Amino acid sequence: MTALRLRWQRSVAIAATGAAAFVGTAIAAAPAQAHTPSWSVTCDSVSIDLKMYAPKDNKVTIKAGDETLISETFGRSFHKKVDLPEHGEPLKVTAQVVASDGDRFSWGPETKTSPVCDKPTPSPTPSESESTPPSSPSPSQSPSEKPEPSAPESSSSAPAEKPQGGGDDLAETGSSSNTPMIAGIAAAVVVAGGGLVAFARKRRSSQS
């Protein structure tokens, strides 16, 4: 009876020890399974998502080249997206998390590469000659015809009109249109005077 009891007690002790070991292993492994870090990098930004960490004093650091983009402490979770600096060649981005509940739960530094963003090619600006449509010829003018240049204006003024009543061979004196009438009257006076002189001579000769 005593031997049977001793065997039973040993079996219970062994079972309790195994159970305790199993529970301890499960408890130690639980935090490792609970920590879920995730982060991604594009050509112009970096995103990080951290879940189920210790309640406080965890730290996350993200660098782009030599520039620090994130350096913060957080609690159970952390979510953030930041823009990357402009770069003309692939850029190295590094992330690191330090867990407050033990170094075995920390990770990093882990490095990813940010590619260069493709910039859209600007469309060419049309030149002035291309943007201005050519002028179409008028309906009365064929495409092969060119407009004749206008005759140059003469620098000299047009000749003055000749006085009315004068011949083509008369010189222009600039007198008024009454000149022929005055000349006719003067001729009549001369003729009348000559007649009077002749009449007076005849009368004298008849009296002598």
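Since we're looking at a predicted model, the values are computed, not measured.
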Note to self: Could you measure the distance from the CD1 atom of Ile48 to the CG atom of Leu69? Nearest 0.5 Å is fine.
What the structure shows: 11.0 Å

Margin query: With a sphere of 6.0 Å drawn around NZ of Lys81, does it hold more than 12 non-hydrogen atoms of other residues, nucleotides or ligands?
Written below: no

Check: Which pair of heavy atoms, one from Ala54 and one from His35, lies closest together, and at what distance?
Finding: N-NE2, 4.3 Å

Item checked: Residues Lys92 and Thr113: side-chain donor-acceptor under 3.5 angstrom -> yes

Item checked: Gap between atom NE2 of His79 and atom CG of Leu50 - 0.5 Å precision -> 8.0 Å

Checklist line | Pair Ser100, Asn58: side-chain N/O donor-acceptor within cut-off below 3.5 Å | finding: yes

Notebook entry, point to check: What's the shortest heavy-atom distance between Pro85 and Ala64, and which atoms?
Noted result: CD-CB, 4.1 Å

Next item on the list: Would you name the heavy atoms of His87 and Glu89 that are closest together and state the gap between them?
Entry: CD2-O, 3.1 Å

Next item on the list: List the atom of Val93, the atom of Trp39, and the distance in Å for their closest heavy-atom pair.
Entry: O-CH2, 3.5 Å

Check: Considering only heavy atoms from C-beta outward, does the side chain of Ser47 approach that of Ser40 to under 4.5 Å?
Finding: yes

Notebook entry, point to check: Out of curiosity, does Val46 fall in the hydrophobic cluster containing Val116 (side-chain heavy atoms, cut-off under 4.5 Å, transitive links)?
Noted result: no

Next item on the list: Check whether Met52 and Phe74 end up in the same hydrophobic cluster, where Ile, Leu, Val, Met, Phe, Trp and Tyr are linked by side-chain heavy atoms less than 4.5 Å apart.
Entry: no

Check: Which value, rounded to the nearest 0.5 Å, describes the distance between Asp44 atom CG and Leu91 atom CG?
Finding: 11.5 Å

Next item on the list: Indicate yes or no: at least one non-hydrogen side-chain atom of Val41 is less than 4.5 angstrom from one of Leu84.
Entry: yes

Margin query: Please say yes or no: joined through hydrophobic side-chain contacts below 4.5 Å, possibly via intermediate residues, are Val60 and Tyr53 part of one cluster?
Written below: yes

Margin query: Can you confirm whether Gln96 sits close enough to Trp107 that some side-chain heavy atom of one is under 4.5 Å from a side-chain heavy atom of the other?
Written below: no

Checklist line | Atom pair NZ (Lys80) and CG (Asp49), whose distance is rounded to the nearest 0.5 Å | finding: 14.0 Å

Notebook entry, point to check: So, Thr68 and Ser71: side-chain donor and acceptor under 3.5 Å apart, yes or no?
Noted result: no

Next item on the list: Group every Ile, Leu, Val, Met, Phe, Trp and Tyr by side-chain heavy-atom contacts under 4.5 Å, then state whether Val98 and Ile70 land in the same group.
Entry: no

